[in-house]
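FYI, the numbering just counts along the sequence from 1. The shown structure was predicted, so the numbers you read here are calculated from the model rather than taken from an experiment.
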Amino acid sequence: MNFSARTTEGTGLMRRIRLVAAISTGLALAAGAVAPVAAGTGTGPTATAAADAPAPKGLGTVRLITGDRVTVGTDTEGRRTASVAPGAGRRHILFRTYEQDGRLTVLPSDAGDLVSAGRLDRKLFDVSALRRPDAARASLPV
């Protein structure tokens with residue numbers, strides 16, 4: 001392989017990396033300034049605060065394709081809430097929860113790049129759609 005061929009390959013790779021970075025940044029900005037949160041372990045100040053808060057209403061649980069369980073409800077002010085129980089071996093994963101166009105999405109940090117690159121469909125993490133009664137019979141967007 002000559003020098004010019006290697007330079008051309010490197011340039012193409014860099015363009016793809018920049019494109020993925022630009023898409024990821026755009027999606028992060030579009031999703032809003034919602035900080036990711038780690039899955040709780042059930043101890044510490046967050047657990048105490050959660051125990052003192054009124055219980056959410058209308059609970060329903062769905063399992064994401066990653067094996068994580070998401071419990072969805074509504075707080076006392078009518079806002080939708082999501083609580084994540086990570087799947088086996090996934091306690092280190094962060095989860096971004098956001099609502100857009102009335103759809104509640106819970107996106108694990110290890111799936112974000114795959115969704116941004118178009119390798120995974122964002123609908124796999126749309127817990128609003130996954131909670132619908134007909135979701136079990138509908139085709140999955142895999």
For this session: Kindly compute the distance separating CG (L130) from CD1 (I65), expressed to the nearest 0.5 Å.
Result: 10.0 Å
For this session: Output yes when a side-chain donor or acceptor of D121 lies under 3.5 Å from a complementary backbone atom of L124, and no otherwise.
Result: no
Exercise. With the threshold set at 4.0 Å, does a side-chain nitrogen-carboxylate oxygen contact exist between D113 and R119?
Worked result: no
For this session: Output the distance between atom CD (E99) and atom OG1 (T81), rounded to the nearest 0.5 Å.
Result: 10.5 Å
Seminar exercise, completed: Exactly one candidate in D75, L104, T97 meets side-chain contact (heavy atoms from CB on, under 4.5 Å) with R80; the answer is L104
Seminar exercise, completed: When rounded to the nearest 0.5 Å, the distance separating CG of L107 from OG of S116 is 7.5 Å
Problem set entry | G102 to S128 - nearest heavy-atom pair and separation | O-OG, 4.0 Å
Exercise. Cut-off 3.5 Å, side chains only: do R96 and T105 have a donor facing an acceptor?
Worked result: no
Seminar exercise, completed: The reported gap from NE2 in H92 to OG in S109 (rounded to nearest 0.5 angstrom) is 7.0 Å
Exercise. Within a strict 4.5 Å, meaning less than it, do heavy atoms of the F95 and V70 side chains meet?
Worked result: no
Exercise. Going by distance alone, is a donor N or O of one side chain under 3.5 Å from an acceptor N or O of the other, for T61 and T71?
Worked result: yes
Problem set entry | More than 12 heavy atoms of other groups within 6.0 Å of R103 CZ | yes
Problem set entry | Note: D68-R63 ion pair, threshold 4.0 Å (strictly below) | no
